[in-house]
Amino acid sequence: YPLVTGVQTCALPICRAMKPSTVRWSHSSLKDYEGCARRYQQVKVLQKYPFQETDATRYGTKVHEAIEFYIRDGKPLPAIYAKFQPIVDALLQKPGRKFPEYEMALDKDLNICAWDAANAWVRGIADILIIDDDNLTAWVGDWKTGNNKYPDRDQLVLMSLMVFQHFPLIRRVNSALLFIVKEDMVKLQMLREQADAAWAKYRERISRLEASFATDIWNPTASPLCRWCPVRQCEYHPEHLS
């Protein structure tokens with residue numbers, strides 16, 4: 001799905017994008033922008049480089065689907081994923097309502113809106129969400145089938161904030177990145193009284209993204225990841241430098 005709305009694109013090498021009526025973002029798209037604004041523009045805004053599925057992303061998708069069907073429908077996990085069942089079952093023992101692959105969307109005023117609403121500002125999916133109404137506590141988990149070397153807790157912060165908006169009675173969110181292949185877990189706890197300060201930090205970060213749309217300035221960032229970037233005409237790409 002497009003991450004921004006109201007943007008015009010063209011086939012010309014240089015195309016000034018119109019400022020969108022709503023800059024739609026998620027954890028992953030914000031990280032993409034902050035990693036390199038030039039790549040974000042070329043890939044997400046102008047959509048010059050379609051997503052290329054890899055063996056790793058294909059595996060992750062299949063694992064997510066298998067666990068979703070197991071939690072929602074009681075469909076047994078395929079034998080190839082049976083090793084993940086103990087951790088899933090441990091989560092299902094927690095008290096509360098269980099929601100697999102729970103979609104959440106908010107407008108810029110942090111009001112709940114439909115996932116595909118034109119005014120959707122931020123969106124995110126909780127791989128597993130447990131709402132414990134009795135204890136006013138929620139539990140959010142995100143299945144990770146990749147490496148646990150650089151865990152990104154920022155994703156847990158955003159998921160916690162969105163849970164607070166979607167479930168006004170919840171006072172505490174316990175969350176975790178669940179590296180089920182590596183058998184590792186990275187935890188975070190957030191209290192409702194921390195939410196305002198956390199949202200303020202996100203708005204500051206999003207203001208830079210909005211400024212890029214307003215000025216049509218998308219500065220590239222040199223990093224070791226440049227060698228895998230599809231934007232080969234960028235001055236920092238190894239092929240361009242050679």
Side-chain angles (χ1 to χ4, degrees), residues 1-54 56-57 60 104-110 113 115-125 142 144 146-147 149-159 161-162 177 197-242:
Y1 53 83
L3 294 172
V4 294
T5 59
V7 177
Q8 291 185 342
T9 62
C10 70
L12 298 176
I14 299 176
C15 176
R16 184 176 181 84
M18 292 179 61
K19 182 179 180 180
S21 56
T22 299
V23 174
R24 184 177 296 174
W25 63 282
S26 65
H27 166 75
S28 59
S29 67
L30 179 58
K31 297 295 288 187
D32 284 345
Y33 170 76
E34 293 176 334
C36 179
R38 174 73 57 75
R39 181 180 65 236
Y40 176 92
Q41 180 218 22
Q42 295 288 305
V43 176
K44 300 292 188 182
V45 180
L46 301 182
Q47 300 181 0
K48 290 184 175 182
Y49 305 94
F51 173 73
Q52 299 293 324
E53 190 176 45
T54 65
T57 58
M104 295 179 283
L106 301 171
D107 65 19
K108 200 167 185 178
D109 294 322
L110 305 185
C113 63
W115 180 265
D116 57 353
N119 65 331
W121 181 61
V122 57
R123 302 194 291 191
I125 300 176
D142 192 272
K144 297 294 184 184
N147 199 300
K149 190 174 182 180
Y150 302 108
D152 185 2
R153 289 180 174 84
D154 193 42
Q155 179 180 359
L156 300 179
V157 172
L158 182 58
M159 286 296 97
L161 292 174
M162 298 190 74
L177 302 174
W199 277 122
K201 291 181 180 178
Y202 269 112
R203 289 189 186 279
E204 181 180 351
R205 293 166 65 183
I206 297 304
S207 68
R208 292 189 280 272
L209 174 60
E210 293 173 333
S212 287
F213 277 104
T215 62
D216 200 29
I217 296 175
W218 308 86
N219 292 320
T221 301
S223 78
L225 299 178
C226 287
R227 65 173 59 193
W228 291 285
C229 180
V231 189
R232 290 182 168 83
Q233 70 271 26
C234 175
E235 56 265 41
Y236 292 130
H237 196 284
E239 290 188 13
H240 183 87
L241 294 174
S242 61

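- Distance check: Leu161 CG to Lys201 NZ gives 11.0 Å after rounding to the nearest 0.5 Å.
- Leu106 approaches Cys113 most closely through the heavy-atom pair C-SG, 3.6 Å.
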Exercise for review: Begin with the C-alpha distance, continue with both residues' side-chain angles, and end with the deciding distance and a verdict on side chain to side chain contact (heavy atoms under 4.5 Å, CB included) for His237 and Val231.
Suggested key: CA-CA 7 Å; His237 196 284; Val231 189; 5.9 Å; no
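- For the pair Cys36/Ser223, no side-chain contact is recorded, criterion being any heavy-atom separation below 4.5 Å from C-beta on.
- Inter-residue side-chain proximity for Val43 and Phe51 is flagged as unmet; no heavy-atom pair is nearer than 4.5 Å.
- Checked by atom type and distance alone, the side chain of Thr57 never pairs as donor or acceptor with a backbone atom of Glu53 at under 3.5 Å.
- Inspection of the Tyr33 and Ser212 side chains reveals an N or O donor paired with an N or O acceptor under 3.5 Å.
- The shortest side-chain heavy-atom distance between Glu235 and Pro220 falls under the 4.5 Å cut-off.
- Going from atom OH of Tyr236 over to atom CZ of Arg38 covers 9.0 Å, rounded to the nearest 0.5 Å.
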Exercise for review: I would like to know whether Gln42 and Gln233 meet side chain to side chain contact (heavy atoms under 4.5 Å, CB included); could you show each step before the answer?
Suggested key: CA-CA 11 Å; Gln42 295 288 305; Gln233 70 271 26; 3.6 Å; yes
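- Pairing each heavy atom of Asp142 with each of Gln155, the nearest pair is OD2-NE2, 2.8 Å.
- Looking at residues two or more places apart in sequence or on another chain, you find a side-chain hydrogen bond (donor to acceptor under 3.5 Å, both in side chains) between Lys108 and Glu210.
- Here the OG-NZ distance, from Ser28 to Lys44, works out to 5.5 Å after rounding to the nearest 0.5 Å.
- Between Trp121 and Trp199, the ring planes lie tilted relative to each other; the angle falls in the 30° to 60° range.
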Check your understanding: What do the steps show when you test Tyr40 against Trp25 for ring-ring contact (aromatic ring centres under 6.0 Å, His included), and what is the final call?
Key -> CA-CA 12 Å; Tyr40 176 92; Trp25 63 282; over 10 Å; no
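- For the atom pair CG (Asp32) and CZ (Arg39), the distance works out to 6.0 Å, reported to the nearest 0.5 Å.
- Rounded to the nearest 0.5 Å, atoms OG (Ser29) and CZ (Arg24) are 10.5 Å apart.
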Exercise for review: List the steps and the verdict of side chain to side chain contact (heavy atoms under 4.5 Å, CB included) for Met162 and His27.
Suggested key: CA-CA 11 Å; Met162 298 190 74; His27 166 75; over 6 Å; no
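- Side-chain atoms of Leu158 and Leu156, non-hydrogen and from C-beta on, never get closer than 4.5 Å to each other.
- Under the 3.5 Å distance criterion, the side-chain polar atoms of Arg123 are left unmatched by any main-chain donor or acceptor of Ala105.
- For Arg205, the side-chain hydrogen bond (donor to acceptor under 3.5 Å, both in side chains) test picks out Glu34, Asp154, with sequence neighbours left out.
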Exercise for review: Evaluate the criterion side chain to side chain contact (heavy atoms under 4.5 Å, CB included) for residue pair Val122 and Met104; output intermediate values, then yes/no.
Suggested key: CA-CA 8 Å; Val122 57; Met104 295 179 283; over 6 Å; no
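- With a 4.5 Å cut-off on side-chain heavy atoms, Asp216 and Gln41 count as touching.
- The SG atom of Cys234 lies 14.5 Å from the CH2 atom of Trp218; values are rounded to the nearest 0.5 Å.
- Considering every non-hydrogen atom in both Cys226 and Thr221, the closest pair reads SG-O, 3.7 Å.
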